[in-house]
Number of protein chains: 2
Amino acid sequence: MKEYHHLTPALVEELKGIVGEKYVYTDKDKLIPYEKDEGVEREYFHLPEAVVLPETAEQTAAVMKLANRERIPVVPRGAGTGLEFGAVTNDFGGIILSTERMNRILEFDADKMYMVVEPGVITAELQALAKSKGLLYAGDPCSGDSCFIGGNAATNAGGNRAVKYGTTRDQIYAIEVVTPTGEIAQFGGRLKKVTAGYPLEKIIIGSEGTLGIITKLTLKLVPLPKYTVDILAVFPTVESALSLVTALPKAGIEPTCLECMDNAVIRVVEQYLDEKQPYSDKGNYMVIQLDGKSEDDVDDMCVAVDEICRAQGALEIFVADADKVWNARKAFTEASAAECPVAAMEDFVVPPDMLEKLLIELERIGQAQGVKFRGVSHAGDGNLHLDVLRRGFTADEEAAKIEAFEDAACAAVYALGGKISGEHGIGQKRKALFAKYEDPAALALMKAVKKAFDPNLILNPGKVFDMEE
Amino acid sequence: MKEYHHLTPALVEELKGIVGEKYVYTDKDKLIPYEKDEGVEREYFHLPEAVVLPETAEQTAAVMKLANRERIPVVPRGAGTGLEFGAVTNDFGGIILSTERMNRILEFDADKMYMVVEPGVITAELQALAKSKGLLYAGDPCSGDSCFIGGNAATNAGGNRAVKYGTTRDQIYAIEVVTPTGEIAQFGGRLKKVTAGYPLEKIIIGSEGTLGIITKLTLKLVPLPKYTVDILAVFPTVESALSLVTALPKAGIEPTCLECMDNAVIRVVEQYLDEKQPYSDKGNYMVIQLDGKSEDDVDDMCVAVDEICRAQGALEIFVADADKVWNARKAFTEASAAECPVAAMEDFVVPPDMLEKLLIELERIGQAQGVKFRGVSHAGDGNLHLDVLRRGFTADEEAAKIEAFEDAACAAVYALGGKISGEHGIGQKRKALFAKYEDPAALALMKAVKKAFDPNLILNPGKVFDMEE
């Protein structure tokens with residue numbers, strides 16, 4: 001077991017010397033907002049010894065040099081909108097390094113279509129700036145109004161447009177990183193191709209703050225699609241709805257979003273919103289968002305989508321009221337929780353064409369374990385958000401039931417070529433199952449890489465995986 | 001300096017026991033084809049001690065375990081079509097591990113649009129198979145008829161369609177890898193999004209065989225574009241031609257290829273082919289290939305491209321005879337060599353919008369150093385292939401002149417946000433300049449990662465960078 005040290009008053013003074021008196025918090029009332037993220041499991045709440053708020057990469061590097069020298073764990077944190085407690089301290093103790101003061105947009109070139117930003121910029125802010133010049137920053141996590149771009153990069157956030165535009169990693173040209181030993185390193189470039197050494201930015205992005213602290217990002221922008229349409233296709237079965245997942249790409253249609261809601265979910269949402277939803281007696285929805293650069297372009301796609309949906313047995317196909325249909329989709333989490341408390345949230349991902357098999361498997365496992373759940377899927381990218389319900393078992397048996405369900409579900413996910421997390425990450429909550437189901441040789445190399453970046457294991461210890469020593 | 005050992009007769013017998021008597025070459029005449037690649041610099045030619053041809057990942061792993069135990073360098077090799085001597089042994093000695101027997105297509109699912117192949121499949125073979133079912137494997141290196149898909153992955157090959165479809169890394173869902181210590185590891189998945197540990201496949205791809213030996217690849221396929229058109233736009237200046245590099249993406253036009261030939265190149269090609277080229281007295285070409293799923297789609301793009309070209313001052317815009325225009329483009333290398341022997345070939349890459357500045361800088365450097373060159377650019381992805389000519393200096397001063405030119409050119413490339421190699425790789429030839437100009441903190445981490453994968457540094461030593469010990 002790694003030996004870590006605690007902060008001393010002398011070290012607190014040294015930290016204040018680096019970032020400024022005001023920017024080292026040690027009073028409990030100022031630490032409390034940093035003890036949690038947006039996950040609900042109270043057992044992971046943990047107060048840091050201090051919160052340090054550097055303003056620059058140089059200050060961040062100096063903090064890391066101190067921490068590395070003194071063996072003090074450092075947990076990098078953006079806006080704290082994660083769900084897996086990746087940006088919260090744990091029993092190793094240590095400090096939170098918050099990026100909230102590094103919040104400047106440094107450069108924006110609308111002609112060359114890129115932006116250079118600090119990690120503490122709110123995603124919605126840079127999206128709005130891009131939009132003001134007819135451009136799109138295509139990363140779009142659901143927490144966009146409050147999350148930081150640095151956190152998006154740390155978790156390789158997915159979100160609404162990932163089907164067409166990819167995840168956060170695909171939106172990033174280059175990053176500046178403070179390494180665990182306190183060096184400032186530059187990775188990547190505003191390049192369309194390169195073969196010159198290892199593109200380590202691709203593994204730092206998505207490493208949940210375990211390989212380095214991102215202090216600057218060069219973001220890719222694309223022309224803002226001028227036309228968008230939302231189609232609601234209603235199918236008699238989930239199976240027929242999910243057939244779109246292969247049929248649309250095969251026909252060369254790249255939807256921006258492809259979201260599936262089954263009949264049970266539609267009923268829960270209808271009840272919660274107290275608003276009649278179409279075909280709520282028997283329908284299963286696929287919400288299809290299309291965008292394009294001309295009206296003709298989008299019209300052509302609509303015609304093709306309509307044909308494909310009919311061929312797959314759709315009961316009805318509407319050009320949907322975007323507000324209404326997305327309101328219903330986004331109400332799921334609250335509606336689900338209101339109808340029955342949620343015991344656990346899953347973020348499984350499988351090849352999109354395996355979603356149907358996964359749902360059948362999960363149904364079987366749920367019945368065998370006496371565990372009930374409901375879910376919505378980002379079907380286009382095979383990502384299933386599952387709410388496991390507090391129903392059908394007693395509070396006493398909850399932990400064991402959930403554990404057995406998650407274990408069997410994970411086995412099914414991996415057997416179908418999937419992974420335990422599509423966009424939320426491993427953090428602290430998923431690391432036991434991740435370690436159990438990930439390819440052991442691959443996992444061993446990930447740990448070796450972690451050690452290569454962070455010889456003293458001081459950066460975000462106990463996240464993603466446990467390091468054996 | 002690392003200590004390596006040489007093969008002994010006993011170890012040759014052990015290798016034969018692993019892969020079969022016939023598949024270990026030690027006779028000089030059978031080794032000679034493996035002493036070089038398609039690069040011209042004879043100083044890098046080197047005979048391996050043996051060539052070993054495993055048929056499976058298990059055999060490959062057994063070879064690596066032996067090599068790791070005995071400290072014998074192993075150089076993985078595909079078809080040997082590289083230019084940087086990455087797949088050739090060097091003074092460290094050791095064996096070539098050829099993937100030529102691992103040449104099966106294991107799985108092809110046209111509906112789910114993927115293919116699983118072994119590394120020794122010729123790229124053109126799998127392209128043809130995909131095409132037979134209306135699909136496109138979008139990787140398309142110029143050596144496609146002879147290169148192996150495993151080598152494409154090892155070098156993250158670019159090629160003709162990279163502007164629209166990206167490089168080889170973008171075409172790969174998952175890889176199976178034999179690690180330097182002889183483990184078989186699985187990386188990636190047929191997934192559209194994932195945040196579950198470090199995606200090490202992204203750094204193994206493009207590592208030029210220094211991090212692992214790829215023994216299986218799951219490839220992404222896309223619908224074959226039904227309509228393609230080649231446009232030849234003639235501009236009065238290189239500058240006006242290169243303006244397309246930002247103007248087209250800004251207008252939402254994604255060409256498949258965007259190739260620039262300046263007037264000097266056009267004249268050399270015209271002379272070599274003995275075929276009149278349009279506007280060869282004063283024109284500079286941009287070849288623009290567009291593809292799309294409908295004729296209307298491509299027509300709309302053509303109209304937009306025509307307008308943009310005119311706005312940028314084009315002298316004339318043709319819908320080109322594809323064979324003729326690509327024949328001219330592809331004749332460049334031979335035409336250039338026929339007109340004057342080539343002393344060195346460069347593969348610089350910069351942000352596409354910096355190409356013009358780079359050309360101005362190179363002109364200045366060439367004049368200062370008395371070095372002449374000519375080049376064609378994959379302009380759409382900022383990749384410049386430069387032939388440095390054996391003209392204007394004596395044979396005696398060649399080495400020093402070229403070295404001074406390359407050093408100054410590299411400094412200019414990095415100052416513009418570029419890198420030393422866009423698609424050929426570092427291999428042995430570029431490693432000194434790569435080490436000089438790459439960010440030192442990033443380079444140190446690359447070396448730490450290499451050591452993490454390969455503690456005894458037996459896999460492809462002396463490639464990409466030298467490891468200090």
Side-chain angles (χ1 to χ4, degrees), chain A residues 111-113 155-156 158 162-163 167 179 183-187 189-200 202-203 206-207 223 246 249-250 252 293-294 300 349 351-353 381-383 417-426 434 438-439 441-443 445-446 448-449 451-453 464, chain B residues 111-113 155-156 158 162-163 167 179 183-187 189-200 202-203 206-207 223 246 249-250 252 293-294 300 349 351-353 381-383 417-426 434 438-439 441-443 445-446 448-449 451-453 464:
Chain A
D111 282 325
K112 297 176 179 173
M113 299 199 289
T155 57
N156 186 30
V163 183
T167 56
T179 72
E183 305 299 320
I184 300 175
Q186 309 294 333
F187 296 100
R190 204 159 56 71
L191 303 172
K192 301 261 301 178
K193 58 157 70 151
V194 63
T195 299
Y198 313 149
L200 297 181
K202 297 194 187 297
I203 62 170
S207 73
T246 44
K250 192 74 201 293
K293 55 183 183 288
S294 74
D300 287 351
V349 64
D353 48 73
D381 42 33
N383 186 203
K419 302 265 185 189
I420 190 171
S421 179
E423 56 184 10
H424 294 169
I426 305 301
F434 175 61
E438 184 62 24
D439 179 75
L443 191 65
L445 279 174
M446 289 182 207
V449 167
K451 183 87 183 163
F453 270 73
V464 186
Chain B
D111 282 325
K112 296 176 180 173
M113 298 200 291
T155 57
N156 185 31
V163 183
T167 57
T179 71
E183 307 299 321
I184 300 175
Q186 310 293 334
F187 296 100
R190 203 160 55 71
L191 303 172
K192 303 260 300 177
K193 58 159 69 150
V194 63
T195 299
Y198 313 149
L200 296 181
K202 297 194 187 296
I203 62 170
S207 74
T246 43
K250 191 75 201 291
K293 55 182 183 289
S294 74
D300 288 352
V349 65
D353 47 75
D381 42 35
N383 186 202
K419 302 265 185 190
I420 188 169
S421 180
E423 56 184 11
H424 294 168
I426 304 301
F434 176 60
E438 184 64 23
D439 180 76
L443 191 65
L445 279 174
M446 289 181 206
V449 166
K451 182 88 182 161
F453 270 72
V464 186

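To find a chain, count down the sequence lines: A is the first, B the second, and so on, and within it residues start at 1. Both backbone and side-chain heavy atoms feed into the values below; hydrogens, waters and symmetry mates do not. Just so it is clear, the model here is predicted, and its values are computed rather than measured.
- When heavy atoms are compared at a cutoff of 4.5 Å, Asp439(B) approaches chain A solely by way of its side chain, counted from C-beta outward.
- Considering NZ of Lys192(A) and CG of Asn383(B), their distance stands at 12.0 Å, rounded to 0.5 Å.
- Chosen from Ser421(A), Ala441(A), Gly189(A), the residue pairing most often with chain B at heavy-atom distances under 4.5 Å is Ser421(A).
- Both the backbone and the side chain of Asn156(B) come within contact range of chain A, judged by heavy atoms closer than 4.5 Å.
- With a 4.5 angstrom heavy-atom cutoff, Ile184(B) touches chain A only via backbone atoms.
- Heavy atoms of Phe453(B) lying under 4.5 Å from chain A belong to its backbone as well as its side chain.
- At a 4.5 Å heavy-atom cutoff, the contact between Val449(B) and chain A is made by backbone and side-chain atoms alike.
- With chain A as partner, the option from Glu438(B), Glu183(B), His424(B), Lys419(B) having the largest number of non-hydrogen pairs under 4.5 angstrom is Lys419(B).
- With a 4.5 Å cut-off on non-hydrogen atoms, Phe434(A) touches chain B through its side chain but not through its backbone.
- Counting heavy-atom pairs closer than 4.5 Å to chain B, the top-ranked of the candidates Val163(A), Leu200(A), Val464(A) is Leu200(A).
- Contacts of Lys250(A) with chain B are made by both backbone and side-chain atoms, with heavy-atom separations under 4.5 Å.
- Contact count against chain A (heavy-atom pairs under 4.5 Å) is highest for Gly422(B) among Ala452(B), Pro223(B), Gly422(B).
- With sequence neighbours excluded, the residues that form a side chain to side chain contact (heavy atoms under 4.5 Å, CB included) with Thr155(B) are Ala157(B).
- Of the listed residues (Gly417(A), Gly197(A), Gly418(A), Gly382(A)), the one with the most heavy-atom contacts under 4.5 Å to chain B is Gly197(A).
- Top candidate by heavy-atom pairs under 4.5 Å with chain A, chosen from Met113(B), Arg190(B), Gln186(B), is Arg190(B).
- For Thr167(A), the part sitting under 4.5 Å from any heavy atom of chain B is the side chain, from C-beta outward, and nothing else.
- Chain B forms the most heavy-atom pairs under 4.5 Å with one residue out of Asp111(A), Asp353(A), Thr246(A), and that residue is Asp353(A).
- Residue Lys293(A) holds its NZ atom at 8.0 Å from CG of Asp300(B), rounded to the nearest 0.5 Å.
- Annotation: side chain of Pro199(A) is in contact with side chain of Ile203(B) (closest heavy-atom distance under 4.5 Å).
- Contact annotation for Val349(A): both backbone and side-chain heavy atoms come within less than 4.5 Å of a heavy atom of chain B.
- Both the backbone and the side chain of Met446(A) come within contact range of chain B, judged by heavy atoms closer than 4.5 Å.
- Contact annotation: the side chain of Lys112(A) never approaches that of Pro351(B) to less than 4.5 Å [non-hydrogen atoms, C-beta and beyond].
- For Thr179(A), the part sitting under 4.5 Å from any heavy atom of chain B is the side chain, from C-beta outward, and nothing else.
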